[in-house]
Protein chains: 2
Amino acid sequence: MAAYDHPDPATFELTVVLRALADPARLEIVRHLARVGEANCATLIGTRPKSSMSHHFQVLRDSGILRTRIEGAQHRNSLRREELDTRFPGLLTAVLNAP
Amino acid sequence: MAAYDHPDPATFELTVVLRALADPARLEIVRHLARVGEANCATLIGTRPKSSMSHHFQVLRDSGILRTRIEGAQHRNSLRREELDTRFPGLLTAVLNAP
DNA sequence: TGCCTTGTTCGAGTTGTGTCGAACAATATG
DNA sequence: CATATTGTTCGACACAACTCGAACAAGGCA
């Protein structure tokens, strides 16, 4: 499978990032990745079907919040913390620290 | 006209706040209020009709982002910076500093 | 009282977004 | 090769959200 396209930090859009974070399922994914560093999709699926998860990962990827690295049959996801913090200083930290 | 109900900071929901901020029109309103401190609705209307603006103000008010003070026929809006920062430290600042 | 200003409310229309099953693609593994 | 595992893609559906005109309410003012 071909590698994913990840947007350049200079093109990150605030409204797009905020909208990506404004969903409970995606917020959960982001919080989980912040804890474990890297995870494949399967370990992040709770009760939701794969197709729903795939959708959420795409939204997060397209907004610039996470990157997906392909290793064999697995897709390893991790937060793009540095890039995000360069473009929107303090934003991700504030979201992760929020109750 | 009766005063508005403003939610208690303890009940602010992160996803609700993020969704409220994730709209270009509302982000513009928030940025404007950050500059001028307080403003009535009329001065914030660009080309959009009043009914659209009223909707956006309600979303911002219900999420806890701004408060509306009634003075005669005018509704004066201002950001709830302290309350927001108590509940979600650094969030509003990060959003306001973002490009 | 009559009129203007300021905003809200209502209803309809349109678009956007999340959800999910089914089919598909790619990679391991026996 | 056959099969299981991991994710994506597609299509359809439901629901939430934005937009906007029209009608309404409340204040200020002549």
Between C1' of dT5(C) and CD1 of I70(B), the distance in whole Å: 15 Å

Closest contact, heavy atoms only, F57(A) versus L44(A): CZ-CD1, 3.4 Å

Gap between atoms CZ and P, on R61(B) and dT9(C) respectively (whole Å): 8 Å

Polar pairs (N or O, both sides) under 3.5 Å between protein and nucleotides 1-7 of chain D?
residue: dG7(D); atom: OP1; partner: N40(A); partner atom: ND2; Å: 3.3
residue: dG7(D); atom: OP1; partner: C41(A); partner atom: N; Å: 3.1
residue: dG7(D); atom: OP1; partner: H75(A); partner atom: N; Å: 3.3
residue: dG7(D); atom: OP2; partner: A42(A); partner atom: N; Å: 2.7
residue: dG7(D); atom: O3'; partner: H75(A); partner atom: ND1; Å: 3.1
residue: dG7(D); atom: N7; partner: K50(A); partner atom: NZ; Å: 2.8
residue: dG7(D); atom: O6; partner: K50(A); partner atom: NZ; Å: 2.7

Nearest-angstrom distance from the residue atom CG of L21(A) to P of dT17(C): 14 Å

Between dG18(C) (P) and M53(A) (CE): distance, integer Å: 13 Å

Where A94(A) and P89(B) come nearest, the two heavy atoms and their spacing: CB-O, 3.5 Å

5' priority, DNA chain C, between G72(A) and R26(A) [closest heavy atom]: R26(A)

N or O in side chain of H56(B) less than 4.0 angstrom from dT19(D) OP1/OP2: yes

Test item: N77(B) side-chain N/O and A39(B) main-chain N/O as donor-acceptor pair under 3.5 Å: yes

Donor-acceptor pair, side chain of R67(B) and main chain of L79(B), under 3.5 angstrom: yes

Validation row: L91(B), L84(B) side chains within 4.5 angstrom (heavy atoms): no

Spacing between L44(B) atom CG and dT5(C) atom P, to the nearest angstrom: 19 Å

Aromatic ring proximity H75(A)/Y4(A), centre distance under 6.0 Å: yes

d(CD, Q58(B); P, dA17(D)) in whole Å: 12 Å

Donor-acceptor contact below 3.5 Å, side chain T93(B) vs main chain G90(B): no

Whole angstrom value for the distance that separates C1' of dT8(D) from CG of D5(A): 15 Å

Nucleotide of dC20(C), dT19(D), dT9(C) approaching R48(B) most closely (side-chain heavy atoms): dT19(D)

Phosphate-side-chain proximity, S51(B) and dC20(D), N/O vs OP1/OP2 below 4.0 Å: no

Rounded interatomic separation in angstrom, taking CZ from R19(A) and P from dG18(C): 9 Å

